[in-house]
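Report on the structure given below.
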Amino acid sequence: DKLLEKLSLIIEQADRMSHIIDHVRLFARSADKQEMHRIRVNEVVLSAFELLKSQLQARAILLESTLCTADCYVLANPFSLEEVILNLLINARYAIEAKINHKDGTEQARIELKTCLEQKENEQVIKIEITDNGMGIEREMLAKVFDPFFTTKDPDKGTGLGLTIAKSIIEQFGGTMKIESVYRQGTTVTITLPLLDE
């Protein structure tokens with residue numbers, strides 16, 4: 001029984017290492033390997049929204065969406081963009097669960113997903129915002145969130161590569177990603193992508 005327990009642990013850790021290596025490979029992937037398409041941002045956002053909606057509702061987390069009414073298109077890889085949004089929504093879920101575990105606050109747990117158009121200098125951009133009212137990030141840690149292998153999660157819950165890879169993907173699409181957070185109040189992640197001309 002002891003031997004089986006040890007073997008089970010070895011297999012589990014080997015799987016975990018394999019998962020980390022896959023993430024490192026994704027992070028190291030060159031930009032020219034990304035297959036880019038003209039995509040409608042709201043469709044990708046809604047797809048990610050629907051994938052996690054029931055999971056979040058089961059945890060009593062309210063997921064709201066406010067999408068821009070205009071048809072907004074960008075040049076990107078739809079699967080990679082959806083992966084980024086899913087990653088950010090899952091991060092928001094962890095932040096809310098951390099706050100609940102600390103018994104910090106009694107307000108309704110909430111994640112808001114928003115898209116909007118904005119004029120930035122000489123071009124129009126579309127913003128994707130994900131806001132949660134979770135635990136937030138301490139100020140001294142905020143500057144490190146995009147560093148590879150930096151994580152505020154427990155060792156068995158994160159590799160510290162999610163945000164690094166997400167930022168790299170968005171930059172490949174000519175966009176930017178920024179994070180604003182207030183500890184114990186919540187976090188907003190903003191993705192800005194250049195709008196594709198008709």
Practice problem: Enter the distance from Q108:CD to L62:CG here, rounded to the nearest 0.5 Å. | Solution: 5.0 Å

Quiz item: Excluding sequence neighbours, so at least two apart, what forms salt bridge (charged side-chain N to carboxylate O under 4.0 Å, His left out) with E64?
Solution: R110

Quiz item: Counting heavy atoms not belonging to Y183, are there more than 12 under 6.0 Å from its OH?
Solution: yes

Quiz prompt | Nearest-0.5 Å distance that lies between atom CG in L63 and atom CD in E112 | solution = 9.5 Å

Quiz item: Looking at CG of L163 and CG of N91, how far apart are the two atoms once the value is rounded to the nearest 0.5 Å?
Solution: 5.0 Å

Self-check item: Contact check, side chains of M135 and R184, non-hydrogen atoms, under 4.5 Å
Solution: yes

Exercise. Following the transitive rule for hydrophobic clusters with a side-chain heavy-atom cut-off under 4.5 Å over Ile, Leu, Val, Met, Phe, Trp and Tyr, establish whether Y94 and V182 coincide in one cluster.
Key: no

Quiz item: Is there a chain of hydrophobic side chains (I, L, V, M, F, W, Y, each step under 4.5 Å between heavy atoms) that links F79 to F173?
Solution: no

Quiz item: For the side chain of E82 and the backbone of L46, is there at least one donor-acceptor N/O pair under 3.5 Å apart?
Solution: no

Exercise. Could you tell me whether the side chain of D71 and the main chain of R40 form a donor-acceptor pair under 3.5 Å?
Key: no

Exercise. Find the distance between CD1 (I85) and OG (S80) and round it off to the nearest 0.5 Å.
Key: 11.0 Å

Self-check item: Result of checking V125, I170, I169 against I191 for side chain to side chain contact (heavy atoms under 4.5 Å, CB included)
Solution: I170

Self-check item: Flag, side chain of N101 to backbone of E97, donor-acceptor distance under 3.5 Å
Solution: yes

Practice problem: Check L117 against C68 and note the closest heavy-atom contact, atom names and distance. | Solution: N-CB, 4.5 Å

Quiz item: Does T190 reach the main-chain N or O of K178 with its side chain, forming a donor-acceptor pair under 3.5 Å?
Solution: no

Exercise. Taking all heavy atoms of L56 and all of R93, pick out the closest pair and write down the distance.
Key: CD2-CG, 3.5 Å

Exercise. Determine the sole option in I130, L51, V189 for which the side chain to side chain contact (heavy atoms under 4.5 Å, CB included) test with L89 is passed.
Key: I130

Quiz prompt | Enclosure of E5 CD (heavy-atom neighbours >12, cutoff 6.0 Å) | solution = no

Quiz item: Sub-3.5 Å donor-acceptor pair from the side chain of N42 to the main-chain atoms of C72, do we have one?
Solution: no

Self-check item: Separation between CD1 of I137 and NZ of K144, rounded to the nearest 0.5 Å
Solution: 12.5 Å

Quiz item: So, does D132 use its side chain to make a donor-acceptor pair with the main chain of G186 at under 3.5 Å?
Solution: no

Quiz prompt | L75 side, atom CG; L193 side, atom CG - distance, nearest 0.5 Å | solution = 10.0 Å

Exercise. Consider only side-chain heavy atoms of I, L, V, M, F, W and Y, link residues closer than 4.5 Å, and tell whether F49 and L81 are in one cluster.
Key: yes

Quiz prompt | Close side-chain approach of K114 and T131, heavy atoms under 4.5 Å | solution = no

